[in-house]
Enquirer: 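Starting off with a structure, shown below.
Chain letters run A, B, ... following the sequence lines, proteins first and then strands; every chain starts at 1.
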Amino acid sequence: MSRSDSPISNENFLEQIINEDLSNGFDKNKLRFRFPPEPNGYLHIGHAKSICLNFGFGKTFSSPVNLRFDDTNPEKENITFINSIKEDIKWLGFTWDSECYASDYFDKLFDWAIHLIKNNNAYVDSQDQETISEQRGIPTSPGVLSPYRERSVEENLDLFNKMKEGGFLPGECVLRAKINMSSPNMHMRDPVLYRIINHDHHRTKDKWKIYPTYDWAHGQSDYIENISHSLCTLEFLVHRELYDWLIAHIPKEKEILPKQREFARLNLSYTIMSKRKLADIVKLGVVSGWDDPRMPTISGLRRRGVPPGAILNFCDKVGVAKRENIIDYALLDFCTREVLNKISHRVMVVLDPVELEIINYPENKSETLTAENNQEDESYGSRKLSFSKNLYIERDDFKEEANRKYFRLTLDKEVRLKNGYIIKGEKVEIDKEGNIKKIFCTYDPKSKSGSGSPESLRKVKGTIHWVDKNNYENISVNIYDKLFLSETPGENDDGDITTQINNESIKTFDGACAEISLRDATFDKYYQFQRKGYFKLDSKSSKIIFNRTVTLRDNIKY
RNA sequence: UGGCUCAUGGUGUAACUGGUAACACGUCUGGUUUUGGUCCAGAAGAGUCUAGGUUCGAGCCCUAGUGAGCCAACCA
């Protein structure tokens, strides 16, 4: 097969690395990956990239993927976050092999720390944080050695045990690896392995007074779990030297030495990925919560109506590489529409209603029309629509007069009522303020949709949606816009993310009129309000409230 | 007067062991259409940060610049 017609999509650099390892003799059955979130917040679209990457490798190599909570900082972590993380991963459609916790390895980690001490590779430093930080120096010049660096093994053992027993206050002392205070890599300048934290842990409760740092816990957890490839974002690249050093200095108990490799994190235009800043706008009440439909969290996107498949496609299209990137939000919208177009139930909803009366339609007549639920897929069936003399149409679907680029209803021109008849605007009733009160039209009785009559086959320029004034459901609709004003809000906020907030990011239409079928709207369905966009029933309300997921692609050129 | 990483159309990602740039989004045309949606057809848009070098030939290799990012938490 020639290169040009190869169906194989290009593998990213990480997949190439794995394939190289395989061709160098690494046993395919020993491949194992992991997704290691810290349970200190909700997962966002950036995490989705990492999830898709790791679980994606799990699929392409038929390898297990662990879900491991990096729970080494009890002050910031809690069970709520753990539960939300698990829910989000499941919703995306992935299944983890083992559910692991770094905290499960605290005993092991402690033993290995003793091992380091005994081998003169770690020591207890009795200086405060500020002093240690000063001694570490700056990247361009070497640091200075701690005066406690040469304590005897016995003394270190003694002090470390005392740390464990709660014999010291937080900040009084730490356990440090003894590596190289002149390394150009700051992380090699005797990094802290353990610190004292007086805080109950959500799993180990009050068992521990000391907690391992990220560097001490992460690589070792990978090692314990037999992770073959530990994939993380670029900012951890400088940690790799330490990652490898620590694994090289603990007892050799495992066959597989995990390999850390780094890729660029996802950035999305007009949004922030910083968990801290996301937590800030939640705390400040800028949004209603982590799952506010405007949030870039998985739960926010879910509530907004973005289907999991769209997120998966998006992560696939975004690619994996090592350079800084800002993905155009339009790509996410495209992925969302792409799947929603196939699966959504079409319905008619008038967001901003104005009355339309059909002059020549019999006064007390009412008829039932049939409409397809999804022209992309016949299996979605059809539904009944009620039609009568008085209807509601969208206020901006009418203009008394307009140029020929305007395809909607005007006086003297014909348009089709979707699934109904062809009508012609005749006159308008205007109130004292000059607002259109009511529109009058005539209809062609022979033009009924689907009747097959010559009249019904007539070409008209526009089709508008409508709802029967005598038979509709009043609903509320949330229309969302971007939460942030700037394309790169995190870079323009001068430390205060609230300065970047778009105050018009939500508009609610409480007087929307929906066809009656929406009385039976369900949470599991995705809807398209024809000509208006894709909508999802809000999962947090008992009333009928719809959230607009995304508009339809719009090509209007006036 | 540090170390490391990166640099390809507007955005993102490709280009096998070097053979003069591809795909997707976006943009623009036209067609179809009972959603200004979908679908179909097509177009514009980079000569690969700069300067040298190696080579018959370089986006790919080398050197030097330039620009961007990361690192000096007892966060992850």
Side-chain angles (χ1 to χ4, degrees), chain A residues 3-4 6 9-12 36-38 40 70 72-73 75-77 125 128-129 132-134 136-143 170-171 173-176 183-189 191-197 210-211 213-215 217-218 232-241 262 264 269 275-276 316-335 337-338 341-342 346 348 371-372 375-376 405-408 415-420 422 447 449-450 456-457 459-465 528-534 551-557:
Chain A
R3 189 159 63 101
S4 57
S6 165
S9 64
N10 296 301
E11 51 186 35
N12 64 53
E38 183 190 11
N40 68 340
D70 229 331
T72 56
N73 187 352
E75 288 177 327
K76 294 183 175 174
E77 298 150 4
D125 197 338
D128 60 37
Q129 188 170 355
I132 290 176
S133 172
E134 275 166 21
R136 190 136 39 211
I138 54 171
T140 50
S141 59
C173 50
V174 291
L175 184 74
R176 289 227 259 169
S183 170
N185 182 343
M186 297 299 287
H187 295 277
M188 298 302 275
R189 319 244 275 217
V192 170
L193 265 27
Y194 273 102
R195 75 282 210 200
I196 297 164
I197 298 177
I210 55 173
Y211 290 91
T213 54
Y214 164 83
D215 287 304
H218 199 96
C232 59
T233 45
L234 244 26
E235 62 268 30
F236 291 100
L237 205 162
V238 279
H239 292 248
R240 190 152 109 196
E241 191 180 358
E262 311 80 12
S269 64
K275 260 202 251 182
R276 206 205 76 228
D316 191 54
K317 283 185 169 26
V318 141
V320 181
K322 291 175 87 163
R323 59 174 132 152
E324 293 286 316
N325 61 77
I326 301 177
I327 309 295
D328 191 341
Y329 203 99
L331 182 62
L332 214 207
D333 283 343
F334 168 80
C335 293
R337 292 188 186 109
E338 190 182 36
N341 176 52
K342 296 197 186 86
R346 319 285 133 137
M348 292 200 285
E372 287 179 294
Q375 47 275 79
E376 301 288 318
K405 297 256 183 84
Y406 186 79
F407 296 173
R408 287 107 97 171
V415 295
R416 181 183 299 278
L417 292 174
K418 178 82 185 167
N419 300 307
I422 293 174
S447 66
S449 284
S456 74
L457 267 16
K459 301 287 175 205
V460 290
K461 206 146 180 200
T463 299
I464 62 173
H465 58 103
Q528 184 196 95
F529 293 0
Q530 288 191 106
R531 304 208 310 129
K532 283 287 145 189
Y534 296 99
T551 61
L552 257 26
R553 188 158 166 264
D554 196 350
N555 280 328
I556 300 179
K557 289 170 194 74

Enquirer: It should be established whether A:Arg553 places a side-chain nitrogen or oxygen under 4.0 Å from OP1 or OP2 of nucleotide B:G36.
Expert: no
Enquirer: Would one find a side-chain N or O of A:Arg531 under 4.0 angstrom from OP1 or OP2 of B:G36?
Expert: yes
Enquirer: At 4.0 Å (heavy atoms only), tell me whether A:Gln129 reaches a base, stays on the sugar-phosphate, or touches nothing.
Expert: base
Enquirer: With a 3.5 Å limit on both atom pairs, tell me what B:A58 is paired to, counting Watson-Crick and G-U wobble, or say none.
Expert: none
Enquirer: Can you tell me if A:Phe334 is stacked onto the base of B:G26, using a 5.5 Å centroid cut-off and an angle below 30°?
Expert: no
Enquirer: Measure the distance from CD1 on A:Ile422 to P on B:U35 and round it to the nearest whole Å.
Expert: 12 Å
Enquirer: Look at A:Asn555 and B:G37 and indicate whether a side-chain polar atom (N or O) is within less than 4.0 Å of OP1 or OP2.
Expert: yes
Enquirer: Does any N or O donor sit under 3.5 Å from an N or O acceptor when you compare the side chain of A:Arg346 with the base of B:U35?
Expert: yes
Enquirer: Base, sugar-phosphate or nothing for A:Leu234? Non-hydrogen atoms, less than 4.0 Å.
Expert: nothing
Enquirer: What is the distance, rounded to the nearest whole Å, between atom CD1 of A:Ile326 and atom P of B:C6?
Expert: 19 Å
Enquirer: Think A:Arg416 has a side-chain N or O under 4.0 angstrom from the OP1 or OP2 of B:G36?
Expert: no
Enquirer: Touch check for A:Phe236, heavy atoms < 4.0 angstrom, all strands: base, sugar-phosphate only, or nothing?
Expert: base
Enquirer: Which part of the nucleic acid, if any, lies within contact of A:Asp70, taking any heavy atom under 4.0 Å across all strands shown: a base, the sugar-phosphate backbone alone, or nothing?
Expert: sugar-phosphate
Enquirer: With a cut-off of less than 4.0 Å, is there a side-chain N or O of A:Thr72 near OP1 or OP2 of B:A76?
Expert: yes
Enquirer: Looking at every strand, decide which applies to A:Asn419 at a 4.0 Å heavy-atom threshold: base, sugar-phosphate, or nothing.
Expert: base
Enquirer: Which part of the nucleic acid, if any, lies within reach of A:Lys459 when heavy atoms closer than 4.0 Å are counted: base, sugar-phosphate only, or nothing?
Expert: sugar-phosphate
Enquirer: Answer whether the closest heavy-atom distance between the side chains of A:Tyr214 and A:Glu38 falls below 4.5 Å.
Expert: no
Enquirer: Hunt down the Watson-Crick or G-U wobble partner of B:U63, both distances under 3.5 Å, from any strand shown, or write none.
Expert: B:A51
Enquirer: Under 4.0 Å, counting only non-hydrogen atoms across every strand here, what does A:Ser133 touch: a base, just sugar-phosphate, or nothing?
Expert: sugar-phosphate
Enquirer: Would you sort out whether A:Leu331 and A:Val318 count as a side-chain contact (heavy atoms from CB on, under 4.5 Å), showing the intermediate values?
Expert: CA-CA 9 Å; A:Leu331 182 62; A:Val318 141; 4.1 Å; yes
Enquirer: Under 4.0 Å: is that the gap between some side-chain N or O of A:Arg136 and OP1 or OP2 of B:C71?
Expert: no
Enquirer: Taking the side chain as everything from C-beta on, heavy atoms only, tell me whether A:Arg337 gets closer than 4.5 Å to A:Thr551.
Expert: yes
Enquirer: What does B:C4 pair with, Watson-Crick or G-U, if both distances are under 3.5 Å?
Expert: B:G69
Enquirer: For B:G31, is chi within 90° of 0 (syn) or not (anti)?
Expert: anti
Enquirer: Rounded to the nearest angstrom, tell me the gap between atom OH in A:Tyr214 and atom P in B:C74.
Expert: 15 Å
Enquirer: Ignoring hydrogens and geometry beyond distance, is the side chain of A:His239 in donor-acceptor contact with the base of B:A76 at under 3.5 Å?
Expert: yes
Enquirer: Base, sugar-phosphate, or nothing: which does A:Val174 touch, judged by heavy atoms less than 4.0 Å apart?
Expert: base
Enquirer: Could you check whether the side chain of A:Gln375 and the base of B:U38 have a donor-acceptor pair of N or O atoms closer than 3.5 Å, going by distance alone?
Expert: no
Enquirer: Categorize A:Gly450 for me: base, sugar-phosphate, or nothing, with a 4.0 angstrom heavy-atom threshold over every strand shown.
Expert: base
Enquirer: Return the nearest nucleotide to the side chain of A:Glu38; candidates are B:C75, B:G2, B:G37.
Expert: B:C75
Enquirer: Does the B:G36 base have a donor-acceptor partner in the side chain of A:Arg408 within less than 3.5 Å?
Expert: yes
Enquirer: Check whether any side-chain nitrogen or oxygen of A:Thr213 sits under 4.0 Å from OP1 or OP2 of B:A73, and answer yes or no.
Expert: no
Enquirer: For a quick check of understanding: with a heavy-atom distance under 4.0 Å over all strands, which category does A:Lys418 fall into, base, sugar-phosphate or nothing?
Expert: base
Enquirer: Whole-Å distance between B:C23 P and A:Asp328 CG?
Expert: 20 Å
Enquirer: Does any N or O donor sit under 3.5 Å from an N or O acceptor when you compare the side chain of A:Glu241 with the base of B:G3?
Expert: no
Enquirer: Looking across every strand, which nucleic acid part, if any, lies under 4.0 Å from A:Asp128 by heavy atom: base, sugar-phosphate, or nothing?
Expert: base
Enquirer: Taking atom C1' of B:C39 as reference, at what distance in whole Å does atom CD of A:Glu376 sit?
Expert: 8 Å
Enquirer: Using a cut-off of 4.0 Å on non-hydrogen atoms, how would the nucleic acid contact of A:Val320 be classed: base, sugar-phosphate, or nothing?
Expert: sugar-phosphate
